[in-house]
Amino acid sequence: MTRADLAHGHYLLGRPIHRLPAGVKMAAAMGGICAIVSIPRAHAPWLAAAAAALGLAAIPSRLSWKFLARRMVLVGPLAIGAALLSLFQPGGGKAFLFLVAKAVLCLFTMTLLAGTTPFAEMLRVLRTIRMPALLVTTAALMYRYLFVLSDEAGRMKRARTSRTFTPHRARSWWNSATVLGHLFIRASERAERIYTAMCARGWP
Amino acid sequence: MHIPDGFLDPRTAMATGVLAATGLGVALRQVRRSLPPRRVPLLGLSAAFVFAAQMLNFPVIGGTSGHCLGGVLTAALLGPSAAVIVLSTVLTVQCFLFADGGITALGANMFNMAMVGGVGGWAIYRLVGRLRNGLSGRLFAAMVAGWAGTVLASIACAGELATSRTIEWPVIFPTMVGIHMLIGIGEGLITTLVLAAIAQARPDLLGLAVPGPATPEPHESSRPSASPADPPWTASVFRERERPGAVIMFGLLISLGLALFVAPLACPWPDGLDKAAERLGFKDKVSETVAVRPLLPDYKIPNMRSPIVATSVAGAAGTVFVFGLAWALARALAPKPDTRPPSGTTAKLESPG
């Protein structure tokens with residue numbers, strides 16, 4: 001999960017599927033996921049149709065297959081781990097495959113949506129459909145400072161490692177916790193500065 | 001614990017969605033009333049902090065490593081209502097941006113991790129914190145609450161998966177809860193250590209009395225807004241204004257959710273939703289739309305009951321163990337009141353192990 005992963009595909013903004021309004025894409029993704037989720041097990045072949053439709057949508061998006069595959073590999077284990085449990089019940093083999101297929105298709109849909117739609121546009125859609133302003137502001141600020149803070153944590157951790165000579169396990173937990181504690185303190189101080197800056201720019 | 005798409009049946013997804021939306025509404029109303037405008041960016045920054053905290057790895061045995069979930073930590077720092085908003089935002093962004101956790105399961109994930117894990121953990125934190133005074137009480141409570149919050153959230157998650165008939169209760173409950181009893185120990189440890197680190201540098205953030213005559217710490221002199229009389233930010237501002245109404249609402253919602261998803265499975269009475277569906281006459285409709293058909297209509301495997309008993313015994317043993325660990329941690333990490341040097345930051349804490 002890196003910054004490159006997030007921004008991937010956004011350089012392709014001129015492509016047709018990227019140019020579609022974000023609202024349309026979000027509604028389509030939601031509809032698609034609801035449809036996939038509600039396919040009953042007796043009609044499992046419909047999953048193949050859904051997969052074909054998703055494949056067709058993925059081609060004009062011009063997202064690289066490597067990127068899509070990597071995202072699936074990153075998130076997939078969680079779904080598969082949970083689904084593995086269904087193997088421990090009678091008749092679990094088919095249920096397992098069915099669950100994994102559904103989860104992977106939904107995952108693919110969301111990855112496609114995230115790859116073709118900048119997050120700022122999704123936020124704009126959320127604002128248009130009257131999501132509470134406090135939530136949208138929180139999400140926008142979170143997106144803005146996600147990588148700022150995680151970079152900061154990385155720098156603090158590196159600085160700490162270079163000053164701490166004993167790589168003892170208990171020590172390293174304490175070190176990481178100190179990094180997190182100070183990260184929160186810095187975040188709360190940054191929030192203070194951000195508020196001042198927001199007010200200076202006419203935030204209500 | 002992020003439930004992916006396709007693991008919940010429509011009625012569970014909808015019920016958890018309604019619960020999560022109600023809880024989020026309560027939290028928004030509470031925060032809008034009590035949060036001064038200048039704290040609004042703090043919610044977004046805290047959400048980014050939780051996300052960054054989840055990226056930082058803590059080494060466990062062998063080459064494996066874990067990361068903190070941050071539910072109880074956020075609730076302890078910001079109070080329950082703000083924590084619900086922060087954690088829900090984190091879950092939503094993870095869902096939309098990283099496809100981590102399904103969009104149809106977003107309500108369930110919010111309910112489990114923000115409400116049961118966060119607010120439930122916070123309630124335990126406040127209750128247990130009364131056992132000891134000052135910082136050592138906070139640290140003691142943080143360890144217990146970090147563990148209990150994680151375990152509670154995993155119980156709710158197991159209940160939802162079992163109610164959806166995705167994975168049978170006798171299979172999912174011991175596995176899920178067993179794993180999370182171990183993860184919870186790590187979570188509790190991280191929560192305690194982070195709170196100890198914050199208390200060391202900025203005790204005012206935890207609403208603790210600042211030791212010594214004032215706060216002018218060496219590194220604070222460069223901070224423009226910091227003056228001893230007006231600390232830049234105090235979390236206690238949140239906590240003091242937390243109205244009991246919101247907490248009672250959260251409690252009701254959590255109990256309702258647990259009553260819907262866990263109680264029918266843990267005791268032999270008929271499923272409440274099933275009964276309601278039967279009485280209201282839409283049971284046939286419901287069972288048609290259930291995505292994954294029940295593999296074992298009524299689990300009648302006698303030897304599958306024993307893992308549940310074993311898990312309960314392990315839970316009791318785990319509780320005792322965690323209380324002991326928390327007591328030791330609180331003793332080791334909280335400085336003695338009389339030995340604490342007046343300047344605050346010069347106190348070097350011993351290694352926790």
Side-chain angles (χ1 to χ4, degrees), chain A residues 1 6 30 33-34 37-38 40-41 71 75 78-79 82 85-86 88-91 95 99 102-103 106-107 110-111 114 119 122 132 134-135 137-139 141-143 145-146 149-150 153 169-174 176-185 187-192 194-195 198, chain B residues 2 4-7 10 28 31-32 38 40-49 51-53 55-56 58-59 77 85-86 89-90 92-93 96-100 102-104 166-168 171-172 175 189-190 193-194 197-198 201-202 205 223 225 232-233 289 291-293 295-296 351-353:
Chain A
M1 229 64 88
L6 257 193
M30 283 288 288
I33 286 177
C34 287
V37 165
S38 56
R41 224 171 116 215
R71 291 296 293 271
V75 193
L78 291 168
L85 283 178
S86 67
F88 290 99
Q89 54 197 25
L99 270 182
K102 264 189 178 182
C106 294
L107 210 64
M110 282 312 276
T111 311
F119 191 65
M122 292 198 221
L134 194 59
L135 275 186
T137 311
T138 306
L141 277 170
M142 177 190 171
Y143 179 66
Y145 288 99
L146 256 181
L149 286 195
S150 63
R169 180 156 293 142
R171 218 37 188 161
S172 84
W173 273 57
W174 173 240
S176 297
T178 322
V179 166
L180 283 189
H182 282 265
L183 188 67
F184 180 77
I185 294 172
S188 70
E189 284 164 3
R190 194 187 283 273
E192 231 12 65
I194 291 168
Y195 177 71
M198 280 158 74
Chain B
H2 292 66
D5 276 316
F7 277 55
L28 279 170
V31 164
R32 243 186 242 128
R38 60 197 282 252
V40 168
L42 184 65
L43 295 178
L45 267 282
S46 298
F49 163 75
F51 192 90
M55 282 173 149
L56 202 69
F58 285 75
L77 287 168
I85 294 179
V86 166
T89 310
V90 171
T92 312
V93 172
F96 273 100
L97 221 49
F98 302 104
D100 197 0
I103 194 162
T104 53
T166 306
I167 305 165
E168 298 293 332
V171 175
I172 184 90
T175 326
L189 272 174
I190 297 172
L193 292 176
V194 173
I198 292 176
R202 290 278 304 277
L205 288 189
R223 212 178 291 142
S225 64
W233 180 82
T289 54
V292 179
R293 300 209 168 255
L295 296 166
L296 271 179
S351 106

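Residue numbers begin at 1 in each chain, while the letters A, B, ... track the order of the sequences.
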Over all atoms of both residues, closest heavy-atom pair of [X] and [Y]:
{"X": "A/Leu141", "Y": "B/Pro41", "result": "CD1-CA, 3.5 Å"}
{"X": "A/Ala177", "Y": "B/Ala197", "result": "O-CB, 4.0 Å"}
{"X": "B/Ala48", "Y": "A/Met142", "result": "N-CG, 3.7 Å"}

Supply the atom-to-atom distance A/Leu183 CG to B/Phe49 CZ, rounded to the nearest 0.5 angstrom.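 The CZ atom of B/Phe49 is 5.5 Å from CG of A/Leu183, to the nearest 0.5 Å.
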What residues form a side-chain contact (heavy atoms from CB on, under 4.5 Å) with B/Thr104, not counting sequence neighbours? A/Ile33, A/Cys34, A/Val37, B/Asp5
For the residue pair [X] and [Y], establish whether any side-chain heavy-atom pair is separated by less than 4.5 Å.
{"X": "A/Phe184", "Y": "B/Leu77", "result": "yes"}
{"X": "B/Val93", "Y": "A/Phe119", "result": "yes"}
{"X": "B/Leu193", "Y": "A/Leu180", "result": "no"}
{"X": "B/Val40", "Y": "A/Tyr195", "result": "no"}

Selection from A/Thr137, A/Leu134, A/Thr138, A/Ile194 maximising heavy-atom pairs under 4.5 Å formed with chain B: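 Max contact count across the listed options: A/Thr138.
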Picking from B/Thr92, B/Ile198, B/Leu189, which has the most non-hydrogen pairs under 4.5 angstrom with chain A?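 Option with the greatest count: B/Ile198.
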Given B/Leu45, which partner from the list A/Glu192, A/Glu189, A/Arg190 fulfils the side-chain contact (heavy atoms from CB on, under 4.5 Å) test? A/Arg190
